[in-house]
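Step one of this worksheet: look at the structure below.
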Amino acid sequence: MSNRNDISRRSMLKVMGGVGASLAIGIFPTISCAADPKKPGVVFEPSAFVKIDPDGLVTVTICRSDMGQGVRTSLAMLVAEELDVDWKKVRVIQADTSSKYGRQGTGGSSSITGMNHSMRQVGATARAMLVAAAAKQWSVDPASVKTESGNAIHPDTGKTLAYADLTAAAAAQPMPTTGILLKDPSQFKIVGKPTNRVDNLDVVTGKAVYGLDVKVPGMAYAVIARPPAFGAELNTMDDTAARKVPGVLDVQKFRNGVAVIASNTWAAISGRDALKLDWKPGPNVDVTSKSIREKLVATLIDHRPVSADAKVVEATYDFPFLAHATMEPMNAVADVKGDQCTLWAPTQVPNGAQGAAAGVLGVPPANVNVNVTLLGGGFGRRLQTDFIEEAVGLSKQTGKPIKLLWTREDDMQNDFYRPTSHHSFKAALDGSGNPTVWSHQALQASGNPGAQFRTNGLQYTIPDAQMRFGGAGVPVRTGPWRSVEHSLINVANECFVDELARAAGKDPFEFRKALIHDERLKTVLVLAAEKAGWGKPLPKGHARGIACFSGYGSHAAHVVELSVVNGEVKLHRVVAAVDCGLAINPKGVEAQIQGAITDGLSTALRAQITIDKGGVVQTSWTGFKWMTLDAMPVVEVHVVPSTGASGGMGETGYPSVPAAVANAIAAATGKKVRKFPIKISELA
Amino acid sequence: MPLYKIKVNGVQRSIDAVADMPLLWALRDLMDLTGSKYGCGIGACGACTVLLDGAETQSCQITVGEIGHKSVTTIEGLSKDGSHPLQKAWVEQDVPQCGYCQTGQIMAAAALLKRKPHPTDADIDETFAHHICRCGTYQRIREAVKVAAGGSK
Ligand code: FES
Ligand code: FES
C-alpha cells in the first residue's frame, strides 16, 4: 500500500474522531481557520483550496464532485504539481457550499478544461509565498530559490528549508497578485504520471462515505410511493396496514405520492409495500414507446432533392430512452431546523442543490449548507435536484432529519432519461463514390418541449451537408446523459458514414480518413485502426467496425471486433485510441475510456427504457440490462502522447462505441442496423 | 421486535429487528456497517455481497431470521486496515471509479480465492457474472483478482 494512502487514512481517522452517528458530521470537517503568523506551528492557508500544516501535510480542497471520474485526484495533482510537494503528503477534502469556492457544478466534462488553470494557479501562488518566505529568511533574491518535493532550496548556498518549517513565515507574506509563473509541462513531475485515486483505500475498506451512508442524530428513514405513470394522481389511500408495520413512524401524503417515514430503511420499504393506493391514470395513459416514435416520425419533412445522376443512400435509426441507473440510487439526507437547512447529498451541483433547497423552504440560499458526499455514479443524473428537494420537503414536513432513499425501482422509473430519437438520413455519392450531399434530420422526444439538439457539426468534409433538428414534446422527463446529444447524433452519423462507405464500395476506415477535417481526430482514427490490425485477416465469422468522435476538447476512435453466432453477438475485442491533450492522470483517462466502452457496449446491445401506459416498463437491472464482466471483450486503450491543452474525458469516449458495434454487426451479417439496442433477429 | 444474535466480523451482535429484515439493512442501519451497499435489493447487482461462513452471499437476499449460527463477514471484517491481498490489489490496480460497487466485487473475489486460490479466466467470469459495475471497471477487476492470486503483473 502506498504511503500516500497511509497519510490520507491517518488524517481521515483524525478528523473522524468517533464512528457511527458522528461519522457523517466528522467526515466533513470545516476548513481550519486562517493562519495566525504569530503562533509557532501555524497552518499556511493562502487560499480556500490549499493549506500546509506545520507537519508538512498538504490539504487540497476540491470543489468538484467525484462520481467516479477521479476529479478529486486529478485536480489535486494540478495543485501539488505547481506547489512542488511530495504527492504522498497530499490529502484531499471536499468543499462545502461556502461562496469562497465559487459556483460549483460538475458536468459536461468541464472540470479539467475549466479548472486546470485555476488549480495550477492555486499551487503556484502558494509556492511563490513559500519561496518569498525562504528568500527573506536567507536574505537572498527569491528568483534564486528553487523548490522540490516540499522544500525550498537555495542552490548557491546549499541551504534547504522544508515547507513545514516555513508555514508561519509564508503566511505572513503578502499574497502576490501578478507575476505568478506556471511550470512548463516538460517540468511536470506529478501531472501526466499514472496516479491512483486518492479515495481507493477508503473505497476498498468500506469506509468511503456515499450519500446513502450518511447518518445524523435523530434521523428518520423515508421512501416515497410514486405515481405509476407520468401525470397519474393519487385517488385514494389506505395506510392501515402500512402503519402497523413495525418501525413505521408515519405515513404522509407528499407531493404527488405518499411518504412512509420509519426508524430504518427496511421498515420504510415494507411500509410502502403495505400501502393500498389507487391512482387516477392521468392524461398520459395511452403513451407508449411506439406512440412516441410515431409522433417523432410525423414531424419529418422531405429531404432536399438531389441531382438525378447521383447515387442516393438513405437510412433511418432509432434510439431508445436510457436511464442513468447510477449504481447508488438517488438519495439525500436533509436536516431542516427553523429557517436553516443542512444537506448531505451525492450531487453534481452543490450550488444548484443549495438553491433548490432554499426554494423549497423559502429561505435565502445562504441558509442552506450542502455537504457533498462521494457519488456512487453520476453520468448527468445528479445534475438534477429533484431528490434533494424531496428530502428537504420531507424534513420540513416531519420536523426531523430525513434520509430519503429511492429504491432501484424508484430510480429506474423516475429518471431524467436520455431522450429517445429518430434519425432520417439521405445522402448522395458522385461517380467516384465521394459524398456530395448529406441531409440528416434528428428528431428528439424531449421532456422539455423546445429543447433542441445542439451539435458541434459534422466531422467530415461534405460539400453540401445539412442537419435539421426537431422533435416533439413528450410527458417523459429527459435530461443529459453521458455525451448528451452526441450519444444520439454522432452514433447515428457514424452508422450512416459506414453505410455510405459500403454504398461507395470503399473501406469504412479509408473512407473516413479521406473526409475527416480535424487532424487530431484523423490521428486517433489511424492509431485505432493500426492497433486493431484493421484490414488484417480475421478468424472465420469475425468482423470489425470502426467509428470516431470529436467533442469536449478531446478525440476518440474505436474499433470493435465481434462475431455473430446463433443470433447472439459475441464481443471479442475493443481497441480505443484517444487524444485528450495532456492527460493529467493517464490512469484516470484509461478508466474513463474503459467505462465509456462498457456504456457503449451495454447500450448498443442490451439496455433500453421503454414506455407503456404512460410509465416506464423497466424496474431494475433485470430489465435494464448492463454489461457484466463475463461478457466483456478484451479492451485496449491507447492514449496519444500530448502536451496540448487538456480536454474533457468523461463524455468523449462514448459515441463511437455503439456506432462501431453497429458497424461491426453490419459487416458480420451483411444486414443493416436500424435500431438500438441492436437485436440480431430484427435486422433487415 | 425480537432480538437476534448474529456473528458479524467475529463479533457477536444483538440486533432488534423483524425476522424478514434483509441482512443488508440490518448491517447498514442497525450496525453502522455501511460498506455493504444497496444497489437493487432483488439479488440482481451484487453490491451487497458479504460472506456467510465464507461463501458469497447477497445480503439483500437473506434475512436476519435466516442467519442462525452462520458467521457473517463484511468488507469491514476482511482486514482491519485494508491489508487483505485483494484490497491491496484493488488499490494498486486503481480499480475503483465511483467505487460504489467495489466492496461487493471484493467480497465476491474473496469467496472465489478461498475456493480457488488460482482462478482461471473462466472462474473469474463465472464469479462476476452477477455483479454489475455501472462505471465499467471490469478490466481492472479481472487484473486485480489475478494480482491478488499471485498471478500476472
Ligand atoms: S443489492 Fe443485493 S444484489 Fe443488488
Ligand atoms: S466503480 Fe462505480 S459502479 Fe463500480
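Not measured: the values here are computed from a predicted model. Just so we're on the same page: letters track the sequence lines, and every chain starts at 1.
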Taking the side chain as every heavy atom from C-beta outward, state whether [X] and [Y] have any atom pair closer than 4.5 Å.
X: B/Tyr100; Y: A/Leu212; answer: yes
X: A/Gln594; Y: B/Tyr138; answer: no
X: A/Arg197; Y: B/Val91; answer: no
X: B/Arg28; Y: A/Asp213; answer: yes

By a 4.5 Å heavy-atom criterion (distance strictly below it), what part of [X] contacts chain B: side chain, backbone, both, or neither?
X: A/Thr628; result: both
X: A/Pro633; result: backbone
X: A/Leu601; result: neither
X: A/Asp411; result: neither
X: A/Ile597; result: neither

- line: With chain A, the option among B/Ile75, B/Ile42, B/Thr74, B/Thr137 that has the most non-hydrogen atom pairs under 4.5 Å is B/Ile75
task: Select, from B/Gly41, B/Gly35, B/Ala26, B/Ala129, the one with the greatest count of heavy-atom pairs under 4.5 Å involving chain A.
output: B/Ala129
Please report the closest heavy-atom contact between [X] and [Y], naming both atoms and the distance.
X: A/Thr205; Y: B/Gly82; value: CG2-CA, 3.5 Å
X: B/Cys40; Y: A/Ser620; value: CB-OG, 3.9 Å
X: B/Cys135; Y: A/Phe379; value: SG-CZ, 4.1 Å
X: B/Gln87; Y: A/Val204; value: NE2-O, 2.9 Å
X: B/Cys98; Y: A/Leu375; value: CB-O, 3.4 Å

Working to the nearest 0.5 angstrom, can you tell me the gap between [X] [atom1] and [Y] [atom2]?
X: B/Lys37; Y: A/Glu328; atom1: NZ; atom2: CD; value: 7.5 Å
X: B/Ile15; Y: A/Asn264; atom1: CD1; atom2: CG; value: 10.0 Å
X: A/Trp626; Y: B/Ile132; atom1: CH2; atom2: CD1; value: 9.5 Å
X: B/Arg142; Y: A/Leu629; atom1: CZ; atom2: CG; value: 4.5 Å
X: A/Trp266; Y: B/Leu30; atom1: CH2; atom2: CG; value: 13.0 Å
X: B/Gln102; Y: A/Met327; atom1: CD; atom2: CE; value: 9.5 Å

message: Could you walk me through whether B/Tyr38 and A/Thr265 satisfy the side-chain contact (heavy atoms from CB on, under 4.5 Å) test, starting with their C-alpha distance in whole Å, then the side-chain angles of each, then the deciding distance to 0.1 Å, before giving a yes or no?
response: CA-CA 11 Å; B/Tyr38 166 79; A/Thr265 311; over 6 Å; no
Top of A/Gly378, A/Pro329, A/Ser270, A/Gly206 for chain B proximity - count of heavy-atom pairs under 4.5 angstrom: A/Gly206
Of the backbone (N, CA, C, O) and the side chain (C-beta and beyond), which part of [X] lies under 4.5 Å from a heavy atom of chain A, both, or neither?
X: B/Asp121; result: neither
X: B/Gln139; result: side chain
X: B/Ile124; result: both

Heavy atoms of other groups near [X] [atom1], more than 12 under 6.0 Å:
X: B/Glu66; atom1: CD; value: yes
X: A/Lys193; atom1: NZ; value: yes
X: B/His130; atom1: NE2; value: no

query: Counting distance only, does the side-chain N/O of B/Arg134 pair as donor-acceptor with the main-chain N or O of A/His324 below 3.5 Å?
result: yes
- prompt: Is a salt bridge present between A/Lys215 and B/Asp29, judged by a nitrogen-to-oxygen distance below 4.0 Å?
  reply: no
